[in-house]
Amino acid sequence: MSKKGNFYITTAISYTNAAPHIGHAYEAIAADTKARFKRLDGFNVRFMTGTDDHGQKVMKSAEALGKTPQEFVDELLPEFKDNMTDALDISYDRFIRTTDKDHHEASQAIWKKMEENGDIYLDSYAGWYSTRDEAFYTEKEIETKPDGTKVSKETQTEVEWMEEESYFFKLSEYTDKLLKYYEEHPEFIQPDYRRNEIVSFVSQGLRDLSISRTSFDWGIPVPGNEKHVMYVWVDALTNYLTGLGYPNMDDDKMKDFWPCNTHLIGKDILRFHAVYWPAFLMSAGIELPKEIFAHGFLLHDGEKMSKSVGNVIAPSDLIGRYGVEASRYVLLREGTFGQDGDLTYPGMTTRINAELANNLGNLAQRTLSMINKNCDGKMPEPQAFTDADKALLKAAQEDMLPAVREHFEHMRFSRAMEEIMKVARDANSYIDEQAPWGLKKTDPKRMGTVLYVLAEVIRCLFIIMQPFTPKACNKLLDQLHVSPNARDFEFISAEHVVKAGWNIPKPEGVYPRIEVTEEAA
Ligand code: MSP
């Protein structure tokens, strides 16, 4: 059971209209890294991810292939679940699909709550709709291209005219309530600079929102009027509650994990999460999530990934090239989380080699090899520590975790990694200064102390690296003889140091070097 409290984190659920790319993987890895960090830091964590199977976009993609939407999403599921989420070691507690039965119940239940509260009425919608964005746009929000096509100004996706009977949600009545909420909860929309966008959008006044469709049926039926299916975003957002057992408010998951701590999403869908979702929840009388964190987009060679440009990187491309551990690391390392990040293959290769293979990997490999060879395969007994020993031990045992934790609180993954790399660099400088290889003949006891200090620093480093590269860390901690029960962050402390006499076998590398010849090929 948790000592520090409960923590619920979610990713956006991906549209199953086409195979995923590393933009989807990026979000899953970020949420997973945070979830793992919190678990290791003593929290009781629930983590949910999944797929958004409904909507016009999915339906049109299915039709284009002559398939039913259900067949189509079932066929695409392994691309998201097996080849991306599971392949990347994403430690979700539930992988939800909006076609799951309990999700139908939850969506209909929240609809009824909003209806009971007098926020839903029947009328007809006439306006623009972008299927790509699954979003409605006003006349002011669209523009006409030279070839006559109409597109959303903001997203440049094509819009079409739509006119049909529709249920509406009285979003206009939430303008002031939302503004007040943002004001009173400045931490609700993160990073801070994203809040201004939303505040200025809402300040212009909100219009009622069309929340049902009649021209197709791939969605969740509106309770009491089966001619309508819910607007895909009503059902999609509700997934965050379905996963906790909603509408059963007495479900233990609901009691433990709602309100959600973090909905992690991309910047393109902030409006849905920071405006529509809180309004729906207010209407249904449900507490609001604590934080909506919008991350930036991953670009490839400075460009948006798109099929037509041919620069899309699939999760399997990255895993094939770098392996799972390095792929997880490098996506979160390049750029500042929150802002757009630019990926290039040469840049990623250099980063992986410099930081994982050289800085951390070599440090562990060199140290464990020396212990194995020069200390009879046993952790040496340390003598009195010098100032240099003490300074390095303090950096690893005392200073690193609070600094990394602070960065994690604000999703600054790259800065957190930088703190860890700094300690590893200091340890490498320490090896060079102490030159333990030269001490074997002159002062073997001192050699033992130096190797002991290094082993202890490596223990702390690989415990704290677990959220980023879980398998590699476990493999290294096994080789270092650290008990599987002693790998939580509470063990990053002088009380749990490596012990003299532990068996240290001939080490095997955990962060392989990426051959640059392969890269060029
Ligand atoms: N189905 C909606 C979300 C519903 S959440 C209740 C959706 N799906 S999506 O498949 O288009 O996007 C899923 C997530 O991936 C979103 O958070 C989106 O911002 C993110 N990304 C899509 N492309 C991306 C990049 N190139 N880079 C980083 N993240 C990107 O929106």
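Just so you know, ligand 1 is whichever comes first in the structure, and atom 1 is the first atom listed for that ligand.
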Exercise. Give every residue pair that meets the side-chain hydrogen bond (donor to acceptor under 3.5 Å, both in side chains) criterion with at least one member in residues 85-95, sequence neighbours excluded.
Key: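 Every side-chain hydrogen bond (donor to acceptor under 3.5 Å, both in side chains) pair that includes a residue of residues 85-95, provided the two are not neighbours, is Asp32-Ser91, Arg39-Ser91, Asp86-Tyr92, Asp89-Lys471, Arg94-Asp100, Arg94-Asp102.
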
Quiz item: If you look only at pairs with a residue in residues 279-297, which of them pass as a side-chain hydrogen bond (donor to acceptor under 3.5 Å, both in side chains), with sequence neighbours excluded?
Solution: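 Residue pairs passing side-chain hydrogen bond (donor to acceptor under 3.5 Å, both in side chains), neighbours aside: Glu27-His295, Asp119-Ser283, Thr262-Glu291.
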
Quiz item: Which parts of the protein, at residue level, reach under 4.0 Å of ligand 1 through a heavy atom?
Solution: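 Those residues closer than 4.0 Å to ligand 1 by some heavy atom are Ala12, Ile13, Ser14, Tyr15, His21, Gly23, His24, Tyr26, Glu27, Asp52, Trp233, Ala236, Leu237, Asn239, Tyr240, Ile265, Gly266, Asp268, Ile269, His273, His295, Gly296, Phe297, Leu298.
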
Self-check item: Within 6.0 angstrom of Lys101 NZ, more than 12 heavy atoms from elsewhere
Solution: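 Result for NZ/Lys101: open.
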
Run the side-chain donor-acceptor check on residues 61-74: report pairs under 3.5 Å with partners two or more places apart or on a different chain.
unit_1	atom_1	unit_2	atom_2	d
Ser61	OG	Lys57	O	3.0
Lys67	NZ	Glu75	OE1	2.7
Thr68	OG1	Glu71	N	3.0
Gln70	NE2	Asp74	OD1	3.0
Glu71	OE1	Thr68	N	3.1
Asp74	OD1	Arg97	NH1	3.4
Asp74	OD1	Arg97	NH2	2.7

Exercise. Measure the spacing between CZ of Arg36 and CZ of Phe408 and express it to the nearest 0.5 Å.
Key: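 Spacing of CZ (Arg36) from CZ (Phe408) equals 11.5 Å.
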
Practice problem: Answer yes when Lys267 and Glu197 have at least one side-chain N-carboxylate O distance shorter than 4.0 Å, and no when they do not. | Solution: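 Answer for the salt bridge query: no.
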
